[in-house]
Protein chains: 2
Amino acid sequence: MLSIGEMSRRSGVKVPTIRYYEQMNLIDAPERSAGNQRRYTHAALDRLTFIRHARDLGLSLEAIRELVRLSENPAMPHDEAHRIATSHLAAIRERIARLKRLEKELTRVEANCHADQAGDCNIMQVLADHGRCETEH
Amino acid sequence: MLSIGEMSRRSGVKVPTIRYYEQMNLIDAPERSAGNQRRYTHAALDRLTFIRHARDLGLSLEAIRELVRLSENPAMPHDEAHRIATSHLAAIRERIARLKRLEKELTRVEANCHADQAGDCNIMQVLADHGRCETEH
DNA sequence: TCAAAAGCTTCAGTCTCTGGAGATATCTTG
DNA sequence: CAAGATATCTCCAGAGACTGAAGCTTTTGA
């Protein structure tokens, strides 16, 4: 049995956020100790980690709620889960591509920016010039 | 002179968001038409695009406000701008790495998921198993 | 055993938008 | 030029996803 702090440490989700997820019905209310403190199972930790990763992926809590529901109901056809998850894939790829470009530029900047004034600083250039990039917005 | 809708189309920032940025002092209040509608210069469009990209990068509006202030004051040393921007670089790289991993896995899933039930669906596996991944949280 | 650390509930606040209502302005086309 | 469609205006409320503080109780560990 894990305390909420232990859950937080292991999942990377902050304590108040875990309570928030419980309130939002993303995770089940766990058992309580004699003194009314939350005590989680390892299954609960797995679910929380699942949520954490789905959030990293950019899924909304609503989408995650749907996925969680489906995963608890494994007799249900998976088309729905697929639809929810894949509907985010294009957006994710777009985000990755943009971030990768910016990362490359920023890395270059970091390596060789020797300007003495903000106006000459590459970082400004990167952020400003990127406006003329080919990505459609 | 650009209308707010034109600004929105060209920058990819929604109309209410542009007004919000004005209210938050991220962009200057533009001139108005005789009928009180906002009319923007191309410089304003550049600035908005700058903000858009900085947001994509994950900078907070507060950080952007600082950068904007610096970029308007090009006589000021750029260490500050550098500090603000580079302070996000590690986090960005981390995000990219995580997203890349997940994208790879999701792509694989998309290509060959033929399960009939949610319990067998790779997407669930990906999200759940990723909990055992090497990334520290 | 007893103090420090962790947890509890409640509630308010933050950040970054986003949308609706109702009124006004601008553009387009007949 | 008139009229109708479309775009803007302001104001305000709400959403989504947390986050933190206050004041109190429980657990832990030296």
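The chains referred to below are lettered A, B, ... by the order of the sequence lines, with proteins before strands, and numbering in each begins at 1.
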### Task
Would you indicate, yes or no, if D:dG16 has its OP1 or OP2 atom less than 4.0 angstrom from a side-chain nitrogen or oxygen of A:Y20?
no
### Message
Pair B:S3, B:R39 - check side-chain contact (heavy atoms from CB on, under 4.5 Å), show working.
### Response
CA-CA 5 Å; B:S3 70; B:R39 291 293 176 261; 3.7 Å; yes
### B:R9 and B:E6 ion-paired at < 4.0 Å
yes
### Task
Select one nucleotide: of C:dT16, C:dG19, D:dA17, the one nearest the side-chain heavy atoms of B:R55.
C:dT16
### Query
From the list C:dT9, D:dT10, D:dA7, which nucleotide is the closest neighbour of the side chain of A:N36?
C:dT9
### Query
CD1 of A:I51 versus P of D:dA17: gap in Å, rounded?
12 Å
### Message
When you measure from the side-chain N and O atoms of B:S3 to the phosphate of D:dT8, is any distance below 4.0 Å, counting only OP1 and OP2?
### Response
yes
### Query
Once you round it to whole Å, what is the distance between P of D:dT28 and CG of A:L2?
12 Å
### Short side-chain N/O contact from B:R19 to OP1 or OP2 of D:dC11, under 4.0 Å
no
### Query
OP1 or OP2 of D:dT25 sitting under 4.0 Å from any side-chain N/O of A:R32?
no
### B:L48 side, atom CG; B:Y40 side, atom OH - distance, nearest 0.5 Å
8.0 Å
## Note on the structure
To the nearest angstrom, the NZ-C1' distance between B:K14 and D:dC9 comes to 19 Å
### Task
Please report, rounded to the nearest Å, how far the C1' atom of D:dA17 is from the CD atom of A:E62.
13 Å
### Rounded interatomic separation in angstrom, taking CZ from A:R38 and P from D:dT26
15 Å
### Task
State whether B:S33 places a side-chain N or O below 4.0 Å from either non-bridging phosphate oxygen (OP1 or OP2) of D:dT8.
no
### Query
How close or far is atom P of D:dG16 from atom CG of A:L26, stated in whole angstroms?
12 Å
### Task
Indicate yes or no: does A:R65 engage A:E62 in a salt bridge with an N to O separation below 4.0 Å.
yes
#### Entry: Given D:dC9, D:dG20, C:dG7, the nucleotide with the shortest approach to the side chain of A:V15
C:dG7
### Task
Please check the phosphate of C:dT16 (OP1 and OP2 only) for any side-chain N or O of B:Y21 closer than 4.0 Å.
no
### Task
Could you check how far CD1 of A:I4 sits from P of D:dT25, rounded to whole Å?
19 Å
### Task
Take atom CE of B:M1 and atom C1' of D:dT8, then tell me their distance rounded to the nearest Å.
17 Å
#### Entry: B:R38 and B:E22 ion-paired at < 4.0 Å
yes
### Task
Between A:A34 and A:P16, just flag the one whose closest nucleotide in DNA chain D comes earlier from the 5' side.
A:P16
